[in-house]
Amino acid sequence: MIEFKDVTFGYSKENEVLKGISFSVEEGERVGLIGSNGAGKSTLMKAMLGLISCEGEISIDGLRVEQKNIAAIRKTLGYVLQDSDNQMFMPTVLEDMIFGPLNYGMGRAEAEKLVDDTLERMSLLHLKNRQNYKMSGGEKRMAAIATILAMQPKGMLMDEPSTALDPRNRRRLIEILNELPVTKIIATHDLDLVLETCDRVLLLANGTIVADGKVEEILWNQELLEQYNLELPFCIAGIPERFKQ
Ligand SMILES: Nc1ncnc2c1ncn2[C@@H]1O[C@H](COP(=O)(O)OP(=O)(O)OP(=O)(O)O)[C@@H](O)[C@H]1O
Ligand SMILES: [Mg+2]
């Protein structure tokens, strides 16, 4: 479904952010993409969507990431950007959510039913007619996720999907992710979210993938995580030291 062969990219010549990255993700895999601030997680996602042009070869669902395939690739891969403000560009949630389905040829009534069903499933019907710029950070984030779900993509890229969500919405997000049988890549610092929703982890550091394995191999490995400025997930680390008897 997703294949990287020797992919290199830098925002400037002196500074390579991705250094000869190769990996592949099979259809239906659930992958957590982790790494410290600036490791290149968002850049890797932008590369998959053709938002930046890299050296090497990237293909998505059999299509090379190049200009003529970009529209088809963005239909295949739904994506939730790290900053929801860059994602929501229509005045209201309804208009944002219905834009994709209408654009892909669905009739208005059917598209609106899809929007309603998606919002209902996420317990978000109250946001349907809200103006995007008047919503809170977490509301915007949930609406951005709903917008992607309404497009029914074959794969999903989510960049920090749980940021700004309250515990109830974070739990809803986890349930929704676990009900969806599509291929997923989730870039996040919320390692507990990865534990609950992913089977495989890619650890990015210094422009390369320094570890690629099962969730239980990587997220329990304190030494490896600390080596790359990460920590054990909270649920594994347990109660903070100062509360221990
Ligand atoms: N538009 C840009 N122009 C120049 N440099 C950039 C740009 N976007 C990102 N960078 C740099 O590229 C590197 C990787 O950034 P990226 O956003 O991919 O990291 P990240 O792993 O997503 O980090 P975070 O966890 O903070 O979201 C960083 O050093 C960053 O400063
Ligand atoms: Mg990022």
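Remember, it's 1-based here, ligands and their atoms both numbered in the order they're listed. This chain uses plain numbering: 1 for the first residue, then up along the sequence.
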Tell me whether the count of non-hydrogen atoms from other residues, nucleotides or ligands lying under 6.0 Å of CD in Glu120 goes above 12. no

Taking the Mg ion (ligand 2) as the center, what protein N, O or S atoms are found at less than 2.8 Å? Ser42 OG, Gln82 OE1

For Asp159 and Ser42, does a side-chain donor sit closer than 3.5 Å to a side-chain acceptor? yes

Set out, in order, the CA-CA distance, both residues' side-chain angles and the distance that settles side-chain contact (heavy atoms from CB on, under 4.5 Å) for Lys154 and Met1, then state yes or no. CA-CA 9 Å; Lys154 201 169 168 185; Met1 174 92 187; 4.2 Å; yes

Can you find a pair of side-chain heavy atoms, one from Thr76 and one from Pro153, that are under 4.5 Å apart? no

side-chain contact (heavy atoms from CB on, under 4.5 Å) with Lys214: which residues, sequence neighbours excluded? Glu216, Glu217

List the protein residues in contact with ligand 1, where contact means a heavy-atom separation under 4.0 angstrom. Tyr11, Val17, Ser36, Asn37, Gly38, Ala39, Gly40, Lys41, Ser42, Thr43, Gln82, His189

For Glu226, does the CD atom have more than 12 heavy-atom neighbours from other residues, nucleotides or ligands under 6.0 Å away? yes

If we ignore angles and hydrogens, is there a donor and acceptor under 3.5 Å between the side chains of Asn129 and Thr92? no

What do you reckon, is CZ of Phe234 surrounded by more than 12 foreign heavy atoms closer than 6.0 Å? no

Tell me which pairs pass side-chain hydrogen bond (donor to acceptor under 3.5 Å, both in side chains) where either residue lies in residues 175-184, with sequence neighbours left out. Arg30-Asn178

